[in-house]
Amino acid sequence: MENTSFSLPPEIQQEAGALLLVLLDLGCRFTQAEVSDSFGDWYFDAWSANRSFRIVKDRGLYAFYDLSGDGDSEVEKRAFGSFGDFAPLVIEWVQKQILA
């Protein structure tokens, strides 16, 4: 999964592939990522609509951080045990930023 300047590690692509494709379609660009050998943890940073954000998997929980905002969105208020519950809220957040 690539954009014009950065390619995400295969571990992230495998686990978050469907979300990544939607984010690319919405115009997001991935800027950095890291995969840890412990617990299968990873994170990636992305940029969209003049906002940067981070998606994190830490010990099996998924979290979202608006790196350029106030942390007041629904997706930022908790960690998620299910990627299926988490991903739609990330997409909703990105769509709102594009329309803002």
* Same apolar cluster (I L V M F W Y, side chains within < 4.5 Å links), Leu89/Tyr65 -> no
* Structure fact -> Between Phe80 and the options Val75, Val90, Leu61, the side-chain contact (heavy atoms from CB on, under 4.5 Å) test singles out Val75
* Give the cluster check for Ile91 versus Val56: same hydrophobic cluster or not, with ILVMFWY residues linked at side-chain heavy-atom distances below 4.5 Å. => no
* Asked: When rounded to the nearest 0.5 angstrom, what distance separates CG in Leu8 from OG1 in Thr31?
  -> 9.0 Å
* Identify whether Leu67 and Ile12 are in the same connected component of the hydrophobic contact network (ILVMFWY, side-chain heavy atoms under 4.5 Å). => no
* Within 45° cone and under 6.0 Å: Arg54 NZ/CZ vs Tyr43 ring -> yes
* To do: Hey, could you give me the CZ/CG distance between Arg29 and Leu23, rounded to the nearest 0.5 Å?
  => 11.0 Å
* **Glu92 side chain near Lys96 side chain, heavy-atom distance below 4.5 Å** => yes
* Name the orientation class of the two ring planes belonging to Tyr62 and Trp42 (parallel below 30°, tilted from 30 to 60°, perpendicular beyond 60°). => tilted
* When rounded to the nearest 0.5 angstrom, what distance separates CD in Gln14 from CG in Leu20? -> 12.0 Å
* Structure fact -> Separation between CD (Glu76) and CH2 (Trp93), nearest 0.5 Å, reads 7.0 Å
* Hydrophobic cluster membership, Leu24 vs Phe83, 4.5 Å side-chain cutoff -> yes
* Could you tell me the separation between the CH2 atom of Trp47 and the CZ atom of Phe53, rounded to the nearest 0.5 Å? => 10.5 Å
* Asked: Just how far is it from atom CD1 of Ile55 to atom CG of Asp45, taken to the nearest 0.5 Å?
  -> 9.5 Å
* Strictly under 6.0 Å, is that where the ring centroids of Phe86 and Phe64 end up? -> no
* Asked: Do Cys28 and Val94 touch side chain to side chain, with heavy atoms closer than 4.5 Å?
  -> yes
* Are any side-chain N or O atoms of Gln97 and backbone N or O atoms of Ser48, one a donor and one an acceptor, separated by less than 3.5 Å? -> no
* Close side-chain approach of Ser68 to Asp66, heavy-atom, < 4.5 Å -> yes
